[in-house]
Amino acid sequence: QRHAGFDPMKPFTEFLNPGDCALLCTETARRYLTDFHSSLGYLFVTHSDRVLLVDGRYIEAARQSAKNCEVRLLSRLRDQLPALAKEFGIRRFLCETALTVADFRTLQRLTDLPVEASDELSARLLALRSVKTPEEIEKIEAAQRIAERAFEDLLDWLREGVTERQIALELDYRMRLCGADGLSFDTIAVSGPNSSKPHGVPTDRPVQAGDFITMDFGALLCGYHSDMTRTVAVGYATDEMRKVYETVLLAQEAALSAVRAGAETTAVDKAAREVIETAGFGDYFTHSTGHGVGLEIHEGPTLSVRSEGLLEPGQIVTIEPGIYLPGRFGVRIEDMAAVTADGCVNLTKASKALLIL
């Protein structure tokens, strides 16, 4: 796991050759490396120099809070790009592969020097971001506490007759009220037959007695996301509903038990999938078991049948198996886990016992 005060730019620059400059243009990359958010900006990184260009909207704030870099005013990139190249002895610019083709071509037109999209730069950046510092984990935990408080408050309000759309809006409102900067993603709140759609969109369908309601949501705080899913029943749950719920819960607990540093990502997925297959629902678990969470809601590593790699201490992954019976109902339970040397720490504290409202 990264230590407190870890400088993400140091290992990031190890592969740069003399004369190379990493030019970071995406919001996520700039925020990760400088801990400063702006909708527009350019971060220049060489072996010995780190310069962040931001425009007048952000210059004061950046000079106060941007880390690991010198902050300069972005005025006219066409002039500043060649000037920086001369100042720092830059002979080649390396960019992220995540840039749009239009943005990449614009950069190429601004300089006579080579501008290249670098797979290695992008891969190293993603690998660095996947392992969190203690400060990053604290931010994700704080975002998760907000989501859980909103959910607990919602349960006193949730009842038969409210619509899926109202549930989603109420969750969004309560997360904001509890201190969220924003939402991790569009909140999913689906009920009854709609709950068989893993990424269903909330509708005006009123909740009815005997429904499962699946709610997938998260809070955004200081740039970091949380992600959780809970499924509750309204009025009553049939024996079949209880069986499916308990199967998903056992699958999730099996996967959580498989999470540890050095574990193959496929092994975590397999642990959940085997429980569901043994119970006879293998055909109805239609997505991966989990994914990394951080500055983006979906980032590395992925926990799936086809994923590759080993888990590392400090990574944060979701564990979210589900069973979806088309046109009838579905169940998903999702927690976030921080990988440790000998297991994991579950960052999600909300109860997973079947709740019947």
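By convention here, the first residue in the shown sequence is residue 1.
Contacts of His47 classified as ring pair (Phe, Tyr, Trp, His ring centres under 6.0 Å), with partners at least two apart in sequence or in another chain: none. With sequence neighbours excluded, the residues satisfying side-chain hydrogen bond (donor to acceptor under 3.5 Å, both in side chains) with Thr106 are Arg109. With sequence neighbours left out, the side-chain hydrogen bond (donor to acceptor under 3.5 Å, both in side chains) criterion links Asp181 to no other residue. Every side-chain hydrogen bond (donor to acceptor under 3.5 Å, both in side chains) that Asp7 has, sequence neighbours left out, goes to Arg50. With sequence neighbours excluded, the residues that form a side chain to side chain contact (heavy atoms under 4.5 Å, CB included) with Arg205 are Glu164, Ser191, Pro193, Asn194, Thr203, Gln208, Asp211. With sequence neighbours excluded, no residue forms a ring pair (Phe, Tyr, Trp, His ring centres under 6.0 Å) with His225. Residues satisfying the salt bridge (Lys or Arg N to Asp or Glu O under 4.0 Å) criterion with Glu96, sequence neighbours excluded, are absent altogether. In this view, Ser195 satisfies the side-chain hydrogen bond (donor to acceptor under 3.5 Å, both in side chains) rule with no residue, not counting sequence neighbours. For the side chain to side chain contact (heavy atoms under 4.5 Å, CB included) test, residues two or more places apart in sequence or in another chain that qualify with Glu274 are Lys270. When the side chain to side chain contact (heavy atoms under 4.5 Å, CB included) test is applied to Asp20, the partners found at least two apart in sequence or on another chain are Leu16, Asn17, Arg92, Leu94.
With a 4.5 Å cut-off between side-chain heavy atoms of Ile, Leu, Val, Met, Phe, Trp and Tyr, the cluster of Tyr236 takes in none.
The ring pair (Phe, Tyr, Trp, His ring centres under 6.0 Å) pairs that include a residue from residues 266-297 are Phe285-His287, His287-Tyr324, His291-His298, where partners are two or more places apart or lie in different chains.
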